[in-house]
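The structure appears below as structure tokens.
Labels below follow one simple rule: chain letters A, B, ... track the order of the sequence lines, proteins then strands, and each chain is numbered from 1.
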There are 2 protein chains.
Amino acid sequence: MSNMGYAGHMELHEPELRDVPVTAVLAALADDVRLQIVRALAEGGEYACGTFEFGVSKATRSHHLKVLREAGLTRTRVAGTSRYVRLRREELQRLYPGLLDAVLAAPARA
Amino acid sequence: MSNMGYAGHMELHEPELRDVPVTAVLAALADDVRLQIVRALAEGGEYACGTFEFGVSKATRSHHLKVLREAGLTRTRVAGTSRYVRLRREELQRLYPGLLDAVLAAPARA
DNA sequence: ACCCATGTTCGACATCCGTCGAACAACCTC
DNA sequence: GAGGTTGTTCGACGGATGTCGAACATGGGT
């Protein structure tokens, strides 16, 4: 059948940032592994999920990326078998000015 | 006996802010009740613990104030049977510039 | 077509966390 | 000192969370 489209891209769940409570954003950032991921993402463009090797299994990594995505912190682009993740910096900055910068500026290992 | 001193003030556990991991600070802020408390504290000076009526029992309130204190967010002064709590704004601002302001500026009910 | 690489999902498990009532402790007042 | 006020601590309980291995899905390469 022809109405199948060229799809398969399964609609990743990426909420509007304004619908995410601040506490959810903070909770997403309040984890060591996730904060490392966010720091890495803050360096620049897009990263494949596999890029992040922080001593956890790929199941756990996948879980953390999902938490970040559903907290409105990241956006994911699907390309083949890989997924490319990037920070939603501008949106974040618009809704919570200074928050991300402040967190990123904090000493990495307290 | 005279060597009893005039004590009983039991040494509240208030860590150095630099010893608290950022993730702990964020986790402390990542709760609705605690964020309400912090917002109230941000209004000004000192508040007795009993001031905070946010629909939780006093046991729970006590718990949250402990979490905030041990995350280095508040300082507590003991006076009689009351405890007066205040935000450690300057210290926070010095170690995590902009963080608290960004969180406080966020819309209260997302 | 087969295999491999990349990620997600599914239990399962242990731990942490928010919540409460009840008991306790300290202090003030009468 | 008896009683009331203020706040902490102690289980207990239910729900969330981080972690993993194994199974699954999808797509690329040879």
Under 4.0 angstrom between [X] side-chain N/O and [N] OP1 or OP2:
X       : N      : result
B/Thr81 : C/dC27 : no
B/Ser57 : C/dT19 : no
A/Arg34 : D/dG18 : yes
B/Arg83 : D/dT6  : no
A/Thr60 : D/dC20 : yes

Rounded distance in Å - [atom1] ([X]) to [atom2] ([N]):
X       : N      : atom1 : atom2 : result
A/Asp32 : D/dG18 : CG    : P     : 11 Å
A/Leu68 : C/dG7  : CG    : C1'   : 16 Å
A/Tyr84 : C/dA5  : OH    : C1'   : 12 Å
A/Lys66 : D/dT19 : NZ    : P     : 16 Å
B/Glu46 : D/dG7  : CD    : P     : 13 Å
B/Phe52 : C/dT19 : CZ    : P     : 16 Å
A/Asp31 : D/dA16 : CG    : C1'   : 13 Å
A/Arg69 : C/dG7  : CZ    : C1'   : 11 Å

task = Check every atom of C/dT8, D/dT8, D/dG18 against the side chain of B/Ser62 and return the nucleotide holding the closest atom.
result = D/dT8

query = Of the candidate nucleotides D/dA22, D/dT9, C/dT19, which contains the atom at the shortest distance from the side chain of B/His64?
reply = C/dT19

Base, sugar-phosphate, or nothing for [X], non-hydrogen atoms under 4.0 angstrom?
X       : answer
B/Ser82 : sugar-phosphate
A/Val56 : sugar-phosphate
B/His63 : base

message = With side chain to side chain contact (heavy atoms under 4.5 Å, CB included) as the test, pick out the partner of A/Leu73 among A/Val67, A/Val85, A/Leu65, A/Val25.
response = A/Val25

ask   = When you match B/Leu65 and A/Ala59 each to their closest nucleotide on DNA chain D, which lands nearer the 5' end?
value = B/Leu65

ask   = Where each residue is assigned the nucleotide of DNA chain D containing its nearest heavy atom, which of B/Lys58 and A/Gly80 is assigned the position nearer the 5′ end?
value = B/Lys58

task = Decide if atom CZ of B/Arg94 counts as having more than 12 heavy atoms of other residues, nucleotides or ligands within a radius under 6.0 Å.
result = no

ask   = Can we say B/Arg69 and B/Glu14 salt-bridge, meaning some charged N sits less than 4.0 Å from an Asp/Glu carboxylate O?
value = no

ask   = Is it true that a side-chain atom of B/Arg75 and a backbone atom of B/Arg86 form a donor plus acceptor pair closer than 3.5 Å?
value = no

task = Spell out, yes or no, whether A/Ile37 and A/Leu104 are grouped together once hydrophobic residues are joined by side-chain heavy atoms under 4.5 Å, including indirect joins.
result = yes

